[in-house]
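Encoded as structure tokens, the structure appears first; notes follow it.
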Protein chains: 2
Amino acid sequence: LVRLERAEKTYGTDVKIRALKPTDLEFRRGELVVVLGPSGSGKTTLLNLIGGLDRPSAGRVLVDGVSLGSLDPDALADFRRDKVGFVFQFFNLIPSLTARENVELAAELSGTADRIDPILEAVGLADRAGHLPGQLSGGEQQRVAIARALVKDPPLLLCDEPTGAVDFETGKAILGLLQEAVQRRGKTVLIVTHNSALAAMATRLIRLKDGAVASDEKRPSP
Amino acid sequence: LVRLERAEKTYGTDVKIRALKPTDLEFRRGELVVVLGPSGSGKTTLLNLIGGLDRPSAGRVLVDGVSLGSLDPDALADFRRDKVGFVFQFFNLIPSLTARENVELAAELSGTADRIDPILEAVGLADRAGHLPGQLSGGEQQRVAIARALVKDPPLLLCDEPTGAVDFETGKAILGLLQEAVQRRGKTVLIVTHNSALAAMATRLIRLKDGAVASDEKRPSP
Ligand SMILES: Nc1ncnc2c1ncn2[C@@H]1O[C@H](COP(=O)(O)OP(=O)(O)OP(=O)(O)O)[C@@H](O)[C@H]1O
Ligand SMILES: Nc1ncnc2c1ncn2[C@@H]1O[C@H](COP(=O)(O)OP(=O)(O)OP(=O)(O)O)[C@@H](O)[C@H]1O
Ligand SMILES: [Mg+2]
Ligand SMILES: [Mg+2]
């Protein structure tokens, strides 16, 4: 489903920062990939390249056989809307819309409006649905971001630190939803995180270090 | 140094959300207080009341004997600038200023400009100092927020999930700095977090549940 061919990302002109060094990777359908790595190792950069939010400085990113670099801005926006559910590291909620409205907007854009209540309930936000982001705790905002990605029912879920702002119990519930998306709905889920406790749920565990893949192992379904 | 007398915070008009129920608490100088609690339990609310970023719906918050509710807006702003170093849950960096400039601004406002380099180094950001927040990873942004609070050298450090965005190793370094602030410089440090691993460093451990203190224990210095 996802393939990186010598994909890399470099910032800066005289002092070059190699956020991601040339990387080859392949992810299949129904894989729950956990990418572990310390702060600054390139996790968000990798996810942004796969989700088409950023273009590689060199190399190619292919999703479903389509090279993202070959798409014009409209086609790339369509791809992101239809193929990818993104849970951002800092949520990116629309501040003037309530929790429910933030989720509805994503559903509307991809036509799945009847799934909103069950999903808000599944992330424990049924009684906070009418709050604006500014009226929500950090962990509640994160859960709106998760609901918004799930409601689109996309084939590819890209999650940047999806449990960073919540406690262990709430985190388990969120991770359960992501695991269910893989095991019951056949999605491909990529979770990037600095939290090694999440490694246990991976069917594929990749370690990132200084912008490069340090190890890549397949594991039995937990 | 800090005292809460029946301090509470309630939101909403017909449906009332009791973010913090009437709470009595007292913190002394040189205490490293860790406040643990699940998502939505009132941690950020508690911290905002102590730091004067928010007013209680009822009850009083006193710092150094002064009731924050008795201060006019200017006096409250002076208090926050001089007495409190705040590490926000979502950093609140100024997007148009570099990492260094964000820290300099805090130093300028409280006159401690010569401490900037050592502090940037202590949080591991020496070679990212010229980046804007948008050019920093999540964990790097968090470290700028920490540096900004430390550089003011305030008597009271209030930290909302100070290691939420970083890996274990980076987190240890940050917590080491906070511990040093208490042990060597006699500060009062309050860390609120959902991460129970931080409990080990507390000389005072408070558990919050549904807006109320569930337990409050003193502990020997670790
Ligand atoms: N726009 C940019 N310009 C310059 N450098 C950048 C830019 N964006 C990211 N970087 C650098 O690239 C490196 C990798 O960043 P990235 O956000 O991918 O890390 P990360 O693994 O997600 O870290 P964290 O766990 O802290 O979120 C970082 O050192 C960062 O400073
Ligand atoms: N402005 C507001 N209006 C209404 N409700 C609010 C407002 N701000 C916070 N709340 C509610 O108060 C409760 C406590 O919020 P708080 O931010 O203190 O939680 P927290 O313990 O910091 O959670 P987290 O770990 O998720 O950051 C939450 O349930 C939240 O929905
Ligand atoms: Mg990141
Ligand atoms: Mg909070």
Side-chain angles (χ1 to χ4, degrees), chain A residues 11-12 14-15 17 19-20 36-48 88-93 123-125 127-128 130-143 160-161 163-174 192-198 207-209 211, chain B residues 11-12 14-15 17 19-20 36-48 88-93 123-125 127-128 130-143 160-161 163-174 192-198 207-209 211:
Chain A
Y11 293 107
D14 20 84
V15 179
I17 292 174
L20 192 72
L36 278 187
S39 176
S41 54
K43 301 183 295 299
T44 296
T45 302
L46 173 67
L47 220 58
N48 288 347
F88 294 94
Q89 186 166 8
F90 298 112
F91 320 152
N92 291 22
L93 302 182
V123 296
L125 286 181
D127 57 353
R128 289 285 184 274
H131 287 226
L132 295 173
Q135 298 167 329
L136 293 172
S137 78
E140 289 163 350
Q141 291 175 34
Q142 181 153 54
R143 285 180 269 162
D160 200 340
E161 307 278 8
T163 58
V166 300
D167 53 288
F168 186 62
E169 286 305 316
T170 312
K172 282 206 309 196
I174 290 172
V192 311
T193 180
H194 61 260
N195 182 358
S196 52
L198 274 64
R207 290 181 190 275
L208 218 54
K209 191 169 175 350
Chain B
Y11 293 108
D14 21 82
V15 179
I17 293 176
L20 192 72
L36 276 188
S39 178
S41 54
K43 302 183 294 298
T44 296
T45 302
L46 173 66
L47 220 59
N48 287 347
F88 295 93
Q89 187 167 9
F90 297 112
F91 322 149
N92 291 22
L93 302 183
V123 297
L125 286 181
D127 58 351
R128 289 285 183 272
H131 286 227
L132 295 174
Q135 298 167 329
L136 292 172
S137 79
E140 291 165 350
Q141 291 175 34
Q142 182 153 52
R143 285 179 268 162
D160 200 341
E161 308 278 7
T163 57
V166 300
D167 53 288
F168 185 63
E169 287 303 317
T170 312
K172 283 207 308 197
I174 290 172
V192 310
T193 180
H194 61 260
N195 183 358
S196 52
L198 274 64
R207 289 182 191 275
L208 218 54
K209 192 173 176 346

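Proteins get letters first, then strands, A, B, ... in listed order; numbering begins at 1 in each.
Annotation: maximal heavy-atom pairing with chain B below 4.5 Å, among A:Arg128, A:Lys43, A:Glu161, occurs at A:Arg128. Top candidate by heavy-atom pairs under 4.5 Å with chain A, chosen from B:Arg143, B:Glu169, B:Gln141, is B:Arg143. Per-residue counts of heavy-atom pairs under 4.5 Å with chain B were compared for A:Gly37, A:Ala19, A:Ala165; the largest is that of A:Ala165. Note on A:His194, A:Gln89, A:Glu140, A:Gln142: by heavy-atom pairs under 4.5 Å with chain B, the leading option is A:His194. Across A:Phe168, A:Phe91, A:Phe90, the residue that shares the most heavy-atom pairs under 4.5 angstrom with chain B is A:Phe90.
The two residues B:Ser137 and A:Ser39 have their closest heavy-atom pair at OG-OG, 3.7 Å.
Heavy atoms closer than 4.5 Å to chain A are found in the side chain of B:Ile17, but not in its backbone. With a threshold of 4.5 angstrom between heavy atoms, B:Tyr11 does not approach chain A through any atom at all. If you measure heavy-atom distances from B:Gln135 to chain A, you find no contacts under 4.5 Å at all. Looking at B:Thr44, there are no atoms closer than 4.5 Å to chain A (heavy atoms on both sides), in backbone or side chain.
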